[in-house]
Structure formats: structure tokens, C-alpha cells
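First the structure, in the form of C-alpha cells, and then the observations on it.
Heavy-atom basis, side chains included; hydrogens, waters and symmetry copies ignored. Since the model is a prediction, treat every value here as computed from it, not as a measurement. Start at 1 and go down the list; that is how both ligands and their atoms are numbered.
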Amino acid sequence: MGIEQSSFIKACRGKNEGRIPVWVMRQAGRYLPEYRAVREKVSFLELCRTPELIAEVVRQPIDRFGLDAGILFSDILTILEPMGAPVSFPEGGPRLENPIDSPEAVKWLHDFDIEKELAFVPEGIRKIKEILPDLPLIGFAGSPFTVSCYLIEGKGSKAFDKAKRFIHAYPKTAAELFELVSSVTERYLRMQIEAGADAVQLFESWGGTLSRDDFLRWSVQPTNRIFTALNESKVPRILFVNNLAPYTDLVSGVNCEVVGVDYRMDLADAQRKLPGKSVQGNLDPAVLFGPLELVAAKTQMILESIDDPNRLIFNLGHGIQPGAPVEAVEMLVKTVHEFR
Ligand code: CP3
């Protein structure tokens with residue numbers, strides 16, 4: 001069976017009449033004992049730079065759960081080091097050596113030869129394709145706003161106030177910064193597609209903290225530009241937006257096939273408000289910590305609520321958390337696969 005005939009790709013195109021596909025955001029990661037075993041031996045960055053290990057950890061959740069798509073193992077911040085902003089990943093999340101805290105600091109960032117500096121990414125994709133030739137593979141990147149949040153804040157944050165202040169204090173410099181990040185991201189995703197990615201997802205993890213007019217300017221416009229540049233590639237494009245609900249109408253205009261919906265919004269409502277698009281989501285990742293019957297019941301509730309299951313990809317409403325029980329993921333996948 002070719003990739004085009006897979007339930008995942010058909011669902012991306014709104015034409016899936018078979019079993020509902022399911023995958024889990026951050027499905028390769030610390031909640032899996034076999035992932036932790038690999039991480040005993042290598043650091044996170046070494047893992048991201050070793051094609052054989054990339055393929056191994058992409059395969060782990062597929063083998064264990066029978067998920068319908070794989071996602072490249074990397075990080076949305078992988079593009080920063082060659083851009084001139086080194087990142088490390090100590091316990092507790094990413095840390096930038098030199099956060100962009102002034103307009104002058106933006107001048108230190110620069111474009112780079114993606115094919116050369118990030119060669120381990122397409123090599124990783126080709127390795128994944130060797131061992132999992134029939135599995136749809138999702139490539140990904142962060143949205144320009146989300147990546148800029150980390151660039152400016154220098155680490156994780158609840159509200160990314162520094163990044164929000166920066167775009168208002170220095171709009172011209174911010175525009176230049178977004179131009180650079182967008183241009184790199186566009187070429188980065190194209191490289192992933194050329195290496196074999198069957199779909200691409202942009203993670204807009206933090207744009208949902210913006211006001212409406214700023215969301216249009218700093219989230220919708222740059223993501224739309226990146227996706228539009230990928231028109232010719234023909235692969236499905238997925239935009240995940242954390243805190244989608246207030247902005248569904250704005251996102252419905254983005255040039256993409258699928259919208260990833262966070263757990264706060266009613267998924268059926270999102271589907272109704274996104275005509276012509278497929279939806280992906282949206283079980284609250286915290287539910288996985290409840291009893292298995294609750295996981296099954298909440299999953300079933302979402303499945304039954306959907307008007308058009310032909311354009312549904314089941315997922316969590318944000319990334320799976322460290323400590324999530326693997327039995328809960330098994331129950332989630334079983335419930336989705338038995339639905340029809
Ligand atoms: O299966 C997969 O999805 C793996 C690929 C992947 C990773 N990060 C690996 C990773 C993906 C798609 C990401 C996306 C990512 N990275 C996002 C967007 C998704 C979201 O959650 O909104 C963001 C904001 C980041 C930045 C980042 N990287 C953070 C905040 C952290 C630390 C917190 C955490 O979740 O662990 C990372 C590190 C990271 N990226 C890990 C993994 C598996 C953990 C590193 C380790 O093994 O110690």
C-alpha cells in the first residue's frame with residue numbers, strides 16, 4: 001500500500017473512509033523507557049545529530065503502539081545554532097547562550113547553508129524511510145513567532161512577555177528577525193520534503209498568547225507565507241495552534257490542509273469553523289494520567305462528537321508529558337482504531 005493510500009494522508013486530504021488515523025505529538029520522548037535507554041548513552045543534541053539514532057527513536061513508538069504516522073526526531077530549535085544562537089538542552093528545557101535582548105543583538109544572527117549545517121536532518125529522514133518505508137513521515141519546524149519566543153526569552157516561559165514586548169518596542173528589527181527565521185524555515189521544510197517527509201507540521205506553540213491583530217501580523221502572515229512557498233511540493237501541511245479558539249476564523253484563511261487543535265477547544269466546533277480543512281487533535285494530555293476507562297471514555301466522546309470523521313486525525317491537544325503511562329497511550333490508540 002502506498003503512502004498516498006494511508007489513512008493518515010487520506011485524512012489530511014479529507015478523504016479517509018477507513019480507520020481513523022492517530023499519532024501523538026512528542027510521541028518519541030522521555031515517557032518511553034526505550035527512549036530513556038538511548039538517552040542514557042547520548043545527549044539530546046547528539047541524538048538529534050545521529051541519523052541511525054534518529055531512525056531508532058522514531059521507530060520506537062510506532063513498534064510499541066502501531067501509530068499511523070511517524071514524526072522526525074529533532075527539535076524546533078535545531079536551526080538556531082547555525083544561525084548564530086547556540087542552544088543547549090539541560091534538564092528543565094532549552095537554554096540559549098546569548099538571548100536576543102536588544103535590536104543590536106539581532107545583527108549577530110545570520111543566514112546559513114542549510115544543506116550543509118543541518119545535513120543530519122535529511123540523512124535521518126532517509127534512514128527512517130529505509131526502516132519504515134510504508135509509514136507516513138511528518139517533518140516539522142517551529143513557527144517564526146514560537147522560535148523567536150525562545151530566541152528572545154532565552155528559555156521557556158509561561159507567557160513569553162519579553163518576546164511580546166520586543167515586537168512592540170522594536171517592530172522594524174522584529175520584522176527583520178521574522179524575515180530571517182521565515183526564510184530559513186521555508187528552506188528547512190523544503191529540504192525535509194525533498195529527503196522524504198510526506199507531510200509537514202508547523203508548531204505555533206506560543207502565538208496564541210498574542211492579541212488578535214498581532215496574531216494576524218506575527219503568526220498568520222509568516223506561517224501562511226511559509227506554507228504558500230511549499231505549494232508545489234504537494235505534501236499536506238499541518239498548522240498546530242496552541243490556544244486556537246479565539247482565532248479559528250483567522251486560521252481558516254491559512255494555506256494548509258490540516259489544523260492541529262489544542263485541548264481547550266471543542267474539536268467538532270473547530271471542524272465546523274474550518275470548512276475544507278481537516279482537523280487534528282485534541283485529547284488533553286493530562287487525561288493520560290487518569291484511569292484507563294477515563295482515557296477510553298474521553299477519547300470516545302471526541303470521536304463521536306465529530307460531524308465528518310473523514311477529515312479527522314486523532315492526536316493529543318498538546319505534546320505528551322514525561323511520566324505519561326504507556327498503558328494510557330495503548331488505550332488511546334485502541335479506542336481510536338476500533339471506532340470504525
Ligand atoms: O516525537 C516527537 O515529537 C519528537 C520530536 C520533537 C521534539 N521537540 C523532541 C524533544 C518535536 C516535534 C519537538 C517540538 C518542540 N520543541 C516544540 C513544539 C511543541 C510543543 O510542545 O509546543 C517546542 C516548544 C520545543 C522546544 C523544546 N525542546 C522544549 C520546551 C524542550 C524541553 C521540554 C520538553 O518537552 O522536554 C525541548 C527538549 C526536547 N525536544 C526533548 C525532546 C524529546 C526532551 C529532551 C530530552 O531527551 O531530555
Side-chain angles (χ1 to χ4, degrees), residues 23-50 53-65 67 69-81 85 87-96 121 124-125 128 132 135 137-151 153-158 160 163 185 188-189 192 197 199-209 219 223 238-244 260-264 280-282 285 315-324 329:
W23 69 279
V24 174
M25 286 192 282
R26 314 291 290 268
Q27 64 194 18
R30 285 168 302 180
Y31 74 105
L32 278 183
E34 54 272 37
Y35 172 83
R36 290 199 302 270
V38 173
R39 284 279 282 102
E40 295 276 305
K41 290 178 268 170
V42 294
S43 72
F44 175 65
L45 279 175
E46 256 176 279
L47 175 45
C48 287
R49 289 172 184 152
T50 314
L53 293 179
I54 292 177
E56 183 181 332
V57 298
V58 168
R59 180 190 202 154
Q60 287 173 348
I62 307 301
D63 284 355
R64 191 188 263 271
F65 304 117
L67 297 158
I71 180 159
L72 166 68
F73 190 86
S74 192
D75 196 81
I76 63 164
L77 306 181
T78 321
I79 58 170
L80 295 186
E81 166 138 15
V87 194
S88 59
F89 291 85
E91 202 55 36
R95 282 280 182 293
L96 269 81
V121 171
I125 292 175
I128 299 164
L132 298 163
L135 184 80
L137 178 68
I138 303 163
F140 73 91
S143 74
F145 183 76
T146 295
V147 170
S148 299
C149 276
Y150 288 94
L151 262 173
E153 200 85 30
K155 55 182 173 23
S157 158
K158 278 220 166 67
F160 287 97
T185 303
Y188 182 49
L189 289 178
Q192 294 182 29
V200 287
Q201 173 157 324
L202 276 177
F203 284 90
E204 183 54 285
S205 304
W206 303 116
T209 60
S219 176
T223 51
I238 310 169
L239 176 61
F240 168 72
V241 181
N242 190 18
N243 198 23
L244 173 70
V261 182
D262 67 284
Y263 57 86
R264 297 167 190 83
Q280 174 176 281
N282 80 341
N315 205 313
L316 297 177
H318 204 171
I320 190 167
Q321 297 160 0
V329 180

Atoms of ligand 1 close to [X] [distance to a heavy atom under 4.0 angstrom, numbered from 1]:
X      : value
Tyr150 : 24 (C), 30 (C)
Ser205 : 18 (C), 19 (C), 20 (C), 22 (O)
His318 : 20 (C), 21 (O), 22 (O)
Phe203 : 12 (C), 18 (C), 19 (C)
Leu72  : 5 (C)

List the closest protein heavy-atom neighbour of [atom]: residue, atom name, distance to the nearest 0.1 Å.
atom                    : value
atom 8 (N) of ligand 1  : Asp75 OD1, 3.1 Å
atom 41 (C) of ligand 1 : Phe44 CE1, 3.7 Å
atom 23 (C) of ligand 1 : Ile76 CD1, 3.4 Å
atom 38 (C) of ligand 1 : Phe89 CD2, 3.7 Å
atom 35 (O) of ligand 1 : Arg26 NH2, 2.8 Å

How many angstroms lie between [atom1] in [X] and [atom2] in [Y], if you round to the nearest 0.5 Å?
X     : Y      : atom1 : atom2 : result
Ile76 : Tyr150 : CD1   : OH    : 5.5 Å
Ile71 : Ile62  : CD1   : CD1   : 10.5 Å
Leu77 : Leu151 : CG    : CG    : 8.0 Å

(request) State whether the side chain of Asp262 and the backbone N or O of Leu244 hold a donor-acceptor pair below 3.5 Å, judged by distance alone. (result)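 Yes: the side chain of Asp262 pairs with the backbone of Leu244.
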Can you find an N or O of [X] that's nearer than 3.5 Å to an N or O of ligand 1?
X      : result
Ala28  : yes
Trp206 : no
Tyr35  : yes

Contact between [X] and [Y] at the side-chain level, heavy atoms closer than 4.5 Å - yes or no?
X      : Y      : value
Met25  : Phe203 : yes
Phe44  : Asp75  : yes
Val147 : Thr185 : no
Ser74  : Phe140 : yes
Tyr31  : Pro322 : no

(message) At under 4.0 Å between heavy atoms, is it the side chain or the backbone of Phe140 that contacts ligand 1, or both, or neither?
(response)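 For Phe140, the contact with ligand 1 is made by the side chain alone.
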(message) Is the contact between Arg30 and ligand 1 made by the side chain, the backbone, both, or neither, using heavy atoms and a 4.0 Å cut-off?
(response)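 The answer is the side chain of Arg30.
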Option set [options], criterion heavy-atom distance to [atom], minimum:
atom                    : options                     : value
atom 29 (C) of ligand 1 : Pro94, Gly139, Gly29, Gly93 : Pro94
atom 5 (C) of ligand 1  : Ser43, Gly319, Ser74        : Ser74
atom 46 (C) of ligand 1 : Arg39, Gln27, Arg36         : Arg39

(request) Fit a plane to each ring of Trp206 and His318, take the angle between them on a 0 to 90° scale, and name the class: parallel (under 30°), tilted (30 to 60°) or perpendicular (over 60°). (result)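 Rings of Trp206 and His318: perpendicular, as their planes differ by over 60°.
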(message) If we only consider heavy atoms of Leu47, is any one of them less than 4.0 Å away from an atom in ligand 1?
(response)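 Not so, Leu47 does not reach ligand 1.
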(message) Looking at every heavy atom in both Ser219 and Glu204, which two are closest together, and how far apart are they?
(response)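 Here Ser219 and Glu204 meet closest at OG-OE2, 2.6 Å.
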(request) Using distance alone, with no hydrogens and no angle criterion, decide if Arg264 and Asn282 have a side-chain donor and acceptor under 3.5 Å apart. (result)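 No, Asn282 and Arg264 have no side-chain donor paired with an acceptor closer than 3.5 Å.
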